[in-house]
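What you are looking at is a predicted structure, and each value in this text was computed from that prediction instead of being measured. Heavy atoms only: backbone and side chains are in, while hydrogens, waters and symmetry mates are out.
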There are 2 protein chains.
Amino acid sequence: MGRQARIDDGELIDKLSAVFSDVGFQGASMAALAEATGLKKASLYHRFPDGKEQMAREVLLAAGDWMTENILTPLSKDTPPDARVGLLTRRLSKFYSGGKQACLLNLLSSARIAEGGVFAMEIATTFEALISALRKVVMDAGFDKAEADRRAVRSVMLLHGSLVLSRGTGSTRPFKAFLEGLPNDLLGAK
Amino acid sequence: MGRQARIDDGELIDKLSAVFSDVGFQGASMAALAEATGLKKASLYHRFPDGKEQMAREVLLAAGDWMTENILTPLSKDTPPDARVGLLTRRLSKFYSGGKQACLLNLLSSARIAEGGVFAMEIATTFEALISALRKVVMDAGFDKAEADRRAVRSVMLLHGSLVLSRGTGSTRPFKAFLEGLPNDLLGAK
DNA sequence: GTCTATAGGAAGATAGAC
DNA sequence: GTCTATCTTCCTATAGAC
């Protein structure tokens, strides 16, 4: 407790991330962010001089990094496609806490800060990167590019749709059903 | 112009709805709602004494009514299933402005007012009603209940996922791709 | 690096004239 | 029914002690 940094940086981002994922950008007040992290508002400003917008940006970047390391990179390995998809489902389940946590990309896309939306590019890039990684796996399983793209896009739609539905109905069932069907959606017989 | 009600009730709800769909509940300030409708804040309070929460509730109810009249009821008719699905795609395209407008159900699910979220039940009910109506059409096409439910849930996931993706990428392509595939997703050969 | 205290402004909500 | 003007509360952000 004698240390100056009483809260670990990674843990701090995690807690901020949970708030943004839960109530969105506008819904996340500095008071709520302070309470969730256990820091006072002034301390948050010390670490994030640009305030809420910087927090959201760093949370978004951290999520991108996590996805790159835990999902995109494993998907690009040359292990068997079905093994890669098996790992994918486990990582997705972890990332979204089994469907209990909504997706940042969805909750931050309505944040209109300054002109044009500050997070728009980062969000679009992240969607594209996931689709691209999935497409590669499907192609490695022997499907042509058009079919692989179709399956990759559909799977990302199903992922986010299942999260919307899970949050809207207050049940993790849609997300679990999505995960269960994912191997077949990506690699099943045509 | 001599009338007292200068703005039509339906049009008023439509404009409020557009704001909530765009920026969510917390993102929709009274100032923004006033500007969008052309009414001053005090005038909005005159029509909605309980303020923003009442506006969102009425907008949600109006969307539910629209869906019942234009989607659920047609889906329960006894015309051929493929004709019903054809009408469904046109109505969905209209409802979401061809993918340019996000779904209220998604943007209002993060609104945590009072304890438990005031809109939660209405949102859950609307999701269930749509799934239920789709399930019936699929069953009318000769599929068993389990398969019909699977297809109905998947289609609703694809719908909302395509809207999330369309908003996140700034393109209506995902939504259009969803609409194009919908007839096959619901009624295609197993 | 974290805190208490507070400035400054935006947001929700109301009063009362027309 | 709509407006202008105002009140109050909440929120973002900063100052300065420890």
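- Nucleic acid contact for B/Ala28: sugar-phosphate only, since backbone atoms but no base atoms lie under 4.0 Å from a heavy atom of the residue.
- Between A/Lys15 and A/Glu11 there is a salt bridge, since at least one side-chain N of the basic residue sits less than 4.0 Å from a carboxylate O of the acidic one.
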- prompt: When you check every protein heavy atom under 4.0 Å of nucleotides 13-18 of chain D, what one-letter string (B, S, -) results, 5' to 3'?
  reply: BBB---
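- Atom C1' of nucleotide C/dA11 and atom NZ of B/Lys40 are separated by 16 Å, given to the nearest angstrom.
- OP1 or OP2 of C/dG1 has not a single side-chain nitrogen or oxygen of A/Ser43 nearer than 4.0 Å.
- Taking atom CG on A/Leu44 and atom C1' on C/dT4, their separation rounds to 15 Å, with Å as the unit.
- Spacing between atom CD of B/Gln54 and atom C1' of C/dT14 amounts to 16 Å, rounded to whole angstrom units.
- Atom-to-atom, CG of B/Leu33 to P of C/dA10 comes out at 18 Å; the value is rounded to the nearest Å.
- Between the CD1 atom of A/Ile7 and the C1' atom of C/dC3 there is a distance of 15 Å, rounded to whole Å.
- Rounded to whole angstrom, the span from the CG atom of B/Leu39 across to the P atom of C/dG12 amounts to 16 Å.
- Atom CG of A/Asp9 is separated from atom CZ of A/Arg47 by 5.0 Å, given to the nearest 0.5 angstrom.
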task: Please report the C-alpha distance between A/Glu35 and A/Val19 in whole Å, then the side-chain angles of each, then the deciding distance to 0.1 Å, and finally whether the side chain to side chain contact (heavy atoms under 4.5 Å, CB included) criterion is met.
output: CA-CA 10 Å; A/Glu35 168 151 21; A/Val19 178; over 6 Å; no
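- Ring geometry, A/Phe20 versus A/Phe25: the interplanar angle falls under 30°, so the pair is classed parallel (tilted spans 30 to 60°).
- Using a cutoff of 4.0 Å between basic side-chain nitrogens and carboxylate oxygens, A/Lys136 and A/Asp140 are scored as salt-bridged.
- Here B/Ser29 lies in heavy-atom contact (under 4.0 Å) with sugar-phosphate atoms only.
- We find that CD of B/Glu35 is positioned 14 Å from P of C/dG12, with the value rounded to whole Å.
- Taking the six-membered ring for Trp and thresholds of 30 and 60 degrees, A/Tyr96 and A/Phe175 have ring planes more than 60 degrees apart, a perpendicular arrangement.
- With a 4.5 Å cut-off on side-chain heavy atoms, B/Val137 and B/Leu88 do not count as touching.
- Straight-line distance from the CD atom of A/Gln26 to the C1' atom of C/dA10: 14 Å, rounded to whole Å.
- Applying the 4.0 Å criterion to OP1 and OP2 of D/dT2, one finds that B/His46 has every side-chain N and O outside that range.
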